[in-house]
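Below is one structure, written out as structure tokens, with a few remarks after it.
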Amino acid sequence: MIREVTIAKQELLKFISILDNIANQRIEPFTVDIRSLLDKLRAIIDKYRDTETVILDAETLYKISIVLGVQQRWIRERASSLFVDSSVIFAKVISSPPEELVQAFLAAWRPIVRIEQISVPLLLRGYEHFLSLPSKKQVSDVDLQRIDISKGLPYSFEEESIMEDKLESILNELQLKYPNWTDYWVFINNDDINVKFERAYLLSFLISRGEVDVKISPIDRKIQIRISKRKDVEDRKLSLVVNLGEQNE
Amino acid sequence: MSKADEELKKLEKKLSVAVSLMVASGHRLPGVRGWELRRRLGKNYPKLIESLNSKLKEVGLQVKIIHDQEAEVGDLDRARFYIVLSDPLNISDIPTLGYSLDELAVLSATLAYLFTKNEKANYKEVVEMLETKYQKWRVESILERLSRKGYLVKNDDGTISIGWRTKVEVDKQELLKAFVNIAGQEKSSNPPDEQPDTST
């Protein structure tokens, strides 16, 4: 009995699979005789009324309704294509020169008319929109004027030797005054913002060169520095972003 | 100016707006939706389009309406309106439009085949059919170009189907009738490799 039920279920699954293939247009819609399929379904459902069989039966009926729709669409399509078979077209394509194929196409082809062109009204509308846009804030309020560069440009790049001297001086200060871990902001602090900036700038070189160690507390994000016990030969790959502004004073 | 003249002027203005919308729209696809025409021309736009159509026919053009497949039948607002040529072209006009004879021959054969196969067929089948006329690399390159133009659609499941442009520009029944009426010649004695290249 159980074996019979299993066979019935397998048959229903087979029907569902075939109907799925038809619905996905993998096979012709009239491959299956719907009437005889419905008779078989009736026979199965009359004999076996367990839950799974009933569910499969319902699903099969649903797939049959889809296939009926596919069949209807197929007939409509075939009628609109004058019931011409694809093999006829194949034969015509093989036996006809390209010119005849093109002549056949020209009899049915009405290309779209389209212009891609900018017009004066469109340009005027674009210009009105451009004028209506808010202007960007001025980058600098300082007027352009001549400046005296005989004493050097402001924030000019210094010679390497001068730079090295300054780096040496920062390093010595760190070594002598702050031998242990010290707060970063305390070290670079200065009343003059330019000096503060310069100290931070020089310190960044020393950190990159491995001559100064940095640690950041994960709890309060406090940055501390100290002179390095050993110098790293390779440049450090990590980056530390420090926002130097009025809020850090 | 009399009232009748004013009305006429208004009507002509609306007609020119309709033409510019259909012909010079800035969308990615040509044509214009019905609701856009309604917005510019008013709710009586179908009558205006009819009037426009009769004027366009005098200069060899016509309005073509393609309904949205997902919309209700007769829902013009969701339909797309195009202006197309009303008269057939000559074979000598093809280079002017930027096509070659070979491209149109491939397109013609492909579309006729697809129309008989519910507008969708296996890509390899189509290529095999076209390989009887041209080399495979040329067939594939032309099919690619036609897909980009919108005549065909290459699907991921290995099939090829009709594109949006075919639905607008090509009359299915006329094409199949013309194909059936092709007298055909004996198959050329030259192998495909040695056939003269008719591309422009």
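Below, chains carry the letters A, B, ... as their sequence lines are ordered, and counting in each starts from 1. Not measured: the values here are computed from a predicted model. Computation of the quantities below employed the complete heavy-atom set of this structure, encompassing side-chain atoms and omitting hydrogens, waters and symmetry-equivalent molecules.
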**Prompt:** For the candidates A:V88, A:I112, A:L106, which exhibits the highest count of non-hydrogen atom pairs separated by less than 4.5 Å from chain B?
**Reply:**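 Winner by heavy-atom pair count: A:I112.
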**Most contacts with chain B, counted as non-hydrogen pairs under 4.5 angstrom, among A:Q103, A:R73, A:R110** =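 Maximum pair count with chain B is reached by A:R110.
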For [X], is it the side chain, the backbone, both, or neither that has a heavy atom closer than 4.5 Å to a heavy atom of chain A?
X: B:L114; answer: neither
X: B:S86; answer: backbone
X: B:D93; answer: neither
X: B:Y113; answer: both
X: B:N122; answer: neither
X: B:K64; answer: neither

[X] vs [Y] side-chain heavy atoms within contact, under 4.5 Å:
X: A:L101; Y: B:L104; value: no
X: A:P97; Y: B:K133; value: no
X: B:F179; Y: A:I89; value: yes
X: B:L89; Y: A:P111; value: yes
X: B:Y134; Y: A:P98; value: yes

**Asked** Is A:R114 reaching over with its side chain to a backbone N or O of B:V23, donor-acceptor style, under 3.5 angstrom?
**Response**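 No, the answer is negative, given that no donor and acceptor are paired below the 3.5 Å cut-off.
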**Message:** Taking A:V84's backbone N and O only, do any of them form a donor-acceptor pair with B:T116's side chain (distance below 3.5 Å, no angle check)?
**Reply:** no
**Request:** Specify the closest pair of heavy atoms between B:L175 and A:F105, including all atoms of both residues, with the distance to one decimal.
**Result:**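 That would be CD1-CA, 3.7 Å.
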Heavy atoms only, distances under 4.5 angstrom: which of [options] has the most pairs with chain A? Name it, please.
options: B:L97, B:I83, B:L61, B:D157; result: B:I83
options: B:R165, B:K117, B:E119, B:Q173; result: B:Q173
options: B:E169, B:E174, B:Q62; result: B:E169

**Prompt:** Should the heavy atoms of other residues, nucleotides or ligands under 6.0 Å from CG of B:D156 be counted, would the total exceed 12?
**Reply:**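 It does not: B:D156 CG has 12 such atoms or fewer within range.
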**Message:** Around atom OH of A:Y62, are there more than 12 heavy atoms from other residues, nucleotides or ligands closer than 6.0 Å?
**Reply:** no
**Message:** Nearest 0.5 Å, please: how far is OG in B:S108 from CD in A:E100?
**Reply:**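 Going from the CD atom of A:E100 to the OG atom of B:S108 covers 11.0 Å.
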**Evaluation steps, side-chain contact (heavy atoms from CB on, under 4.5 Å), between B:I91 and A:V102** = CA-CA 8 Å; B:I91 212 161; A:V102 171; 4.1 Å; yes
